[in-house]
Amino acid sequence: MKILGIIPARGGSKGVPGKNILSIDGKPLLSYAIECGKESKKITKLLVSTDSREIAKIAENYKAEVMLRPETLATDTSDVADTVGFILEEFKKNEEQFDIVVLLQPTAPLRTGRDVDQALELLEQNNTDAVISMVKVGDNHPARMYDISENKIHALHPELEKTRRQELPTYYMRNGCIYGIKTDAFFTERNLMPSKKSAYIMNEKWWVNVDTPTDIYILEHLMPLWKKENAIK
């Protein structure tokens with residue numbers, strides 16, 4: 001199986017300016033995705049997709065291949081699936097094709113190459129088109145969520161509103177760490193969440209996806225602990 005690992009790292013970010021190259025525990029955030037992709041035994045080619053020369057230089061310093069993308073694919077409203085499609089089409093021009101694409105977002109760095117390989121094994125062995133990393137929902141359970149209209153609140157799940165936490169059904173959410181998809185399915189549905197997909201469950205205590213300054217604060221405190229637990233230097 002030929003597997004392409006893509007690390008999407010655009011230069012612009014309004015919530016946390018320059019977040020992909022912020023220093024986290026002594027290294028740029030981007031570097032953790034690169035090291036994870038290199039640690040994977042299943043990824044056959046790894047590249048960083050960016051519109052930023054600064055990010056490209058940092059990626060090259062970490063010995064990563066870089067493919068610059070058009071500015072139209074690096075706006076706040078750009079769909080990462082369009083970037084994946086652009087990359088695959090560029091490789092097809094050179095008669096290079098892949099069986100699977102795996103997306104490793106820099107903003108969800110608490111994952112190992114072993115996680116990636118285990119997720120890809122699920123994709124290879126199961127009758128599914130994609131595998132998505134997920135974590136169990138905790139206090140942000142849908143049973144505790146409401147819609148507010150005209151200053152009135154309405155439970156999204158009224159049947160669960162008064163249920164004790166210990167008795168709530170188990171729900172999961174995407175953690176942003178791993179999106180693996182067969183390229184045939186990607187070209188058929190043109191997105192990273194095809195109709196037929198499976199979950200790779202990860203430990204919810206390490207869940208963080210950087211979108212806000214608060215997320216950076218959480219990640220800075222979690223990273224050393226996560227490294228220690230996974231024996232990462």
Side-chain angles (χ1 to χ4, degrees), residues 1-10 19-21 27-52 55-69 73-74 78-126 128-134 174-187 190-194 197-200 202 209-210 230 232:
M1 300 281 280
K2 291 190 66 176
I3 300 177
L4 174 64
I6 298 176
I7 300 171
R10 69 186 184 91
K19 65 182 178 182
N20 285 317
I21 57 176
K27 298 194 299 188
L29 184 59
L30 173 66
S31 69
Y32 293 100
I34 295 172
E35 290 171 348
C36 173
K38 287 181 175 293
E39 184 188 354
S40 165
K41 293 179 172 59
K42 287 185 172 291
I43 291 177
T44 52
K45 181 183 282 288
L46 179 71
L47 66 84
V48 173
S49 167
T50 186
D51 62 313
S52 165
I55 289 176
K57 184 176 180 180
I58 291 173
E60 289 166 353
N61 287 342
Y62 280 87
K63 304 295 187 285
E65 183 177 338
V66 175
M67 181 183 288
L68 292 174
R69 68 173 100 158
L73 295 178
S78 296
D79 188 338
V80 70
D82 293 333
T83 294
V84 172
F86 168 78
I87 292 169
L88 291 174
E89 293 292 351
E90 289 296 299
F91 277 114
K92 283 179 69 175
K93 291 177 183 177
N94 295 316
E95 298 184 350
E96 187 171 7
Q97 300 189 51
F98 297 89
D99 302 294
I100 291 172
V101 173
V102 57
L103 199 74
L104 304 176
Q105 298 187 115
T107 51
L110 301 185
R111 90 215 118 189
T112 64
R114 183 175 63 254
D115 286 318
V116 175
D117 289 345
Q118 289 175 345
L120 290 171
E121 284 177 12
L122 286 176
L123 181 55
E124 293 169 349
Q125 297 172 5
N126 293 350
T128 188
D129 289 330
V131 62
I132 315 298
S133 62
M134 296 191 173
R174 288 179 279 170
N175 67 350
C177 284
I178 302 166
Y179 292 83
I181 182 170
K182 295 175 180 176
T183 53
D184 287 345
F186 175 80
F187 281 120
R190 280 288 177 175
N191 67 72
L192 298 169
M193 298 289 292
K197 51 191 173 289
S198 298
Y200 174 67
M202 298 180 68
N209 198 340
V210 177
N230 290 279
I232 294 174

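Positions are given from 1, in the same order as the sequence printed here.
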Query - Identified side-chain contact (heavy atoms from CB on, under 4.5 Å) counterpart of Leu104 within the set Ile7, Ile6, Ile34, Asp115 - result: Ile7
Requested in this report: Scan for salt bridge (Lys or Arg N to Asp or Glu O under 4.0 Å) pairs involving residues 31-41, sequence neighbours excluded, and state none if there are none.
Outcome: Lys27-Glu35
Requested in this report: Any pair with a residue in residues 56-68 that passes salt bridge (Lys or Arg N to Asp or Glu O under 4.0 Å), sequence neighbours left out, goes on the list, sorted by first then second residue, please.
Outcome: Lys45-Glu65
Sequence neighbours excluded, which residues qualify as side chain to side chain donor-acceptor pair (under 3.5 Å) partners of [X]?
| X | value |
| --- | --- |
| Ser198 | Thr128 |
| Thr50 | none |
| Asn20 | none |
| Thr183 | none |

**Report entry** Exercise: do Asn230 and Thr112 side chains pair donor with acceptor under 3.5 Å
**Finding:** no
Side chain to side chain contact (heavy atoms under 4.5 Å, CB included) partners of [X], counting only residues at least two apart:
| X | result |
| --- | --- |
| Thr83 | Ser49, Arg69, Leu73, Ile87 |
| Arg174 | Ile132, Met134, Tyr179, Met193 |
| Pro194 | Asp129, Ala130, Ile181, Glu189, Asn191 |
| Ala119 | Val131, Ile178, Tyr200 |

Extract all donor-acceptor atom pairs below 3.5 Å that involve side chains of residues 90-103 and protein atoms in other chains or at least two apart in sequence.
unit_1	atom_1	unit_2	atom_2	d
Glu90	OE2	Lys93	NZ	2.8
Asp99	OD2	Lys2	N	2.7

Query raised in the report: What is the distance from atom CG of Asn61 to atom OG of Ser31, rounded to the nearest 0.5 Å?
Result: 11.0 Å
Report task. Quick one: list whatever passes salt bridge (charged side-chain N to carboxylate O under 4.0 Å, His left out) with Glu121, sequence neighbours left out. Result -> none
